[in-house]
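What follows is a single structure, written as structure tokens, with notes after it.
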Amino acid sequence: MTLSARITGLYVGKSERLWQDKAPSAIRKKYREGPLELNKLGFLEDEQADLEVHGGPEKALHHYAAEHYARWAEEFPEHAALFKPGAVGENISTTGLTESNLCLGDVFSLGSARVQICQGRQPCWKLVSHTGIASMAMRFQKTGFTGWYYRVLEGGSARAGDTMSLLDRPHEDLVLADVIAARFNPRLDPALAQKLADTAVLSESWRKAFLKKSHAGFKEDTSKRLDG
């Protein structure tokens with residue numbers, strides 16, 4: 001399968017204390033033309049504030065589909081000026097790649113680097129604080145327009161204007177949109193949960209979450225993540 005997209009923006013940021021009585025965050029990213037060097041932990045110039053829930057080898061880079069912003073601007077017209085690439089803390093922005101035409105485990109070129117999709121994003125209260133929209137995290141979750149994370153298979157450098165090209169698709173049966181929907185489904189079929197828990201290319205944290213969801217009667221508490 002041939003699938004590619006031009007990188008329209010790369011974004012990096014530093015940890016800041018943005019909100020009184022709240023944990024620091026690096027969600028406020030700034031556009032960089034590049035080239036930007038990246039290693040197993042992402043762009044060298046980027047930071048994550050809370051390493052328990054952000055960053056690490058399996059959340060090294062966050063990619064968000066630029067076409068989703070039109071949807072958010074239409075839904076929240078009073079905040080329309082906010083919704084432009086870089087607005088939700090992503091590192092990579094493109095058009096042409098979305099949760100619906102990608103699969104878990106897809107391997108892409110990123111400049112001279114190689115990266116692999118390993119999970120979707122779990123929106124949290126920081127998205128609410130950042131946008132000023134009380135329902136933003138929940139709307140991300142309900143629509144599945146969360147963006148996705150990469151692990152870095154091979155470091156290198158990338159810049160805006162580079163083309164990302166699909167190099168390998170080991171799981172064409174696991175459309176990313178479906179995996180994300182499954183992650184947030186409180187009534188997920190235990191058999192599907194077990195299948196996903198057994199999928200090696202999925203991030204370890206999501207594999208553990210699906211393993212819990214494979215047990216009948218398990219109920220996940222998302223209040224801390226969504227409400228802060």
Side-chain angles (χ1 to χ4, degrees), residues 1-13 29 31-48 54-69 84-123 140 143-183 196 199-207:
M1 177 181 181
T2 300
L3 184 63
S4 64
R6 179 176 174 271
I7 300 171
T8 52
L10 296 177
Y11 304 86
V12 294
K29 306 293 187 187
Y31 174 84
R32 286 293 307 276
E33 188 169 303
L36 293 176
E37 297 291 326
L38 64 150
N39 62 18
K40 295 290 186 181
L41 297 179
F43 290 124
L44 272 58
E45 295 185 27
D46 196 39
E47 283 185 1
Q48 292 82 30
H54 297 290
E58 295 191 318
K59 288 188 281 188
L61 298 164
H62 181 247
H63 189 158
Y64 199 71
E67 42 267 74
H68 291 337
Y69 283 116
K84 55 187 178 182
V88 296
E90 68 267 37
N91 298 116
I92 303 167
S93 180
T94 61
T95 56
L97 301 177
T98 72
E99 295 85 353
S100 295
N101 67 359
L102 297 171
C103 294
L104 180 68
D106 279 358
V107 176
F108 276 87
S109 62
L110 179 64
S112 61
R114 289 190 307 120
V115 297
Q116 183 177 44
I117 297 173
C118 55
Q119 69 166 80
R121 177 178 178 174
Q122 291 176 258
F140 257 53
T143 60
F145 294 167
T146 68
W148 55 94
Y149 284 105
Y150 295 109
R151 61 168 62 93
V152 178
L153 301 178
E154 184 178 327
S157 66
R159 66 186 305 154
D162 284 348
T163 297
M164 296 185 67
S165 297
L166 180 66
L167 303 176
D168 188 27
R169 172 162 284 179
H171 291 286
E172 62 180 10
D173 59 322
L174 294 178
V175 175
L176 184 60
D178 295 338
V179 176
I180 292 170
R183 180 64 188 86
L196 290 166
T199 304
V201 298
L202 187 63
S203 69
E204 183 180 359
S205 64
W206 275 37
R207 289 181 69 188

Would you say [X]'s side chain and [Y]'s backbone share a donor-acceptor pair under 3.5 angstrom?
| X | Y | answer |
| --- | --- | --- |
| Glu45 | Val12 | no |
| Arg6 | Gly96 | no |
| Glu58 | Glu204 | yes |
| Thr146 | Phe140 | no |
| Tyr11 | Val88 | no |
| Asp46 | Gly13 | yes |
| Gln116 | Gly105 | yes |
| Thr199 | Val201 | no |
| Ser157 | Pro35 | no |
| Asn91 | His62 | yes |

Any side-chain heavy-atom pair of [X] and [Y] under 4.5 Å:
| X | Y | answer |
| --- | --- | --- |
| Leu61 | Tyr149 | no |
| Leu110 | Ile92 | yes |
| Leu174 | Leu202 | no |
| Asp106 | Asp168 | no |
| Val179 | Val175 | no |
| Val107 | Arg114 | yes |
| Pro57 | Leu41 | yes |
| Trp148 | Glu99 | yes |

Taking all atoms of both residues into account, what is the closest heavy-atom pair of [X] and [Y], and its distance?
| X | Y | answer |
| --- | --- | --- |
| Glu154 | Lys40 | N-NZ, 4.4 Å |
| Ser112 | Gly156 | OG-CA, 3.3 Å |
| Asn101 | Arg169 | O-NH2, 3.0 Å |
| Thr95 | Glu67 | CA-OE1, 3.2 Å |
| Ile7 | Leu10 | CG2-CD2, 3.6 Å |
| Ser93 | Ala66 | OG-CB, 3.6 Å |

How long is the gap from [atom1] on [X] to [atom2] on [Y], to the nearest 0.5 Å?
| X | Y | atom1 | atom2 | answer |
| --- | --- | --- | --- | --- |
| Phe108 | His63 | CZ | NE2 | 8.0 Å |
| Cys103 | Asp178 | SG | CG | 9.0 Å |
| Leu166 | Leu102 | CG | CG | 8.0 Å |
| Leu38 | Leu44 | CG | CG | 8.0 Å |

Original post:
Arg32 and Arg159: side chain to side chain contact (heavy atoms under 4.5 Å, CB included), yes or no, with the steps?
Top reply: CA-CA 8 Å; Arg32 286 293 307 276; Arg159 66 186 305 154; over 6 Å; no
- Mind running side chain to side chain contact (heavy atoms under 4.5 Å, CB included) on Ser205 and Gln119 for me, showing each step along the way? CA-CA 9 Å; Ser205 64; Gln119 69 166 80; 3.4 Å; yes
Check for me whether Arg183 meets the cation-pi criterion with Trp206, that is, NZ or CZ under 6.0 Å from the six-membered ring centre and within 45 degrees of the ring axis. yes
query = Got a sec: does the CD of Glu172 have more than 12 other heavy atoms crowding it under 6.0 Å?
reply = no
Requested in this report: Would you please indicate if the ring centroids of Tyr69 and Phe145 are separated by under 6.0 Å?
Outcome: no
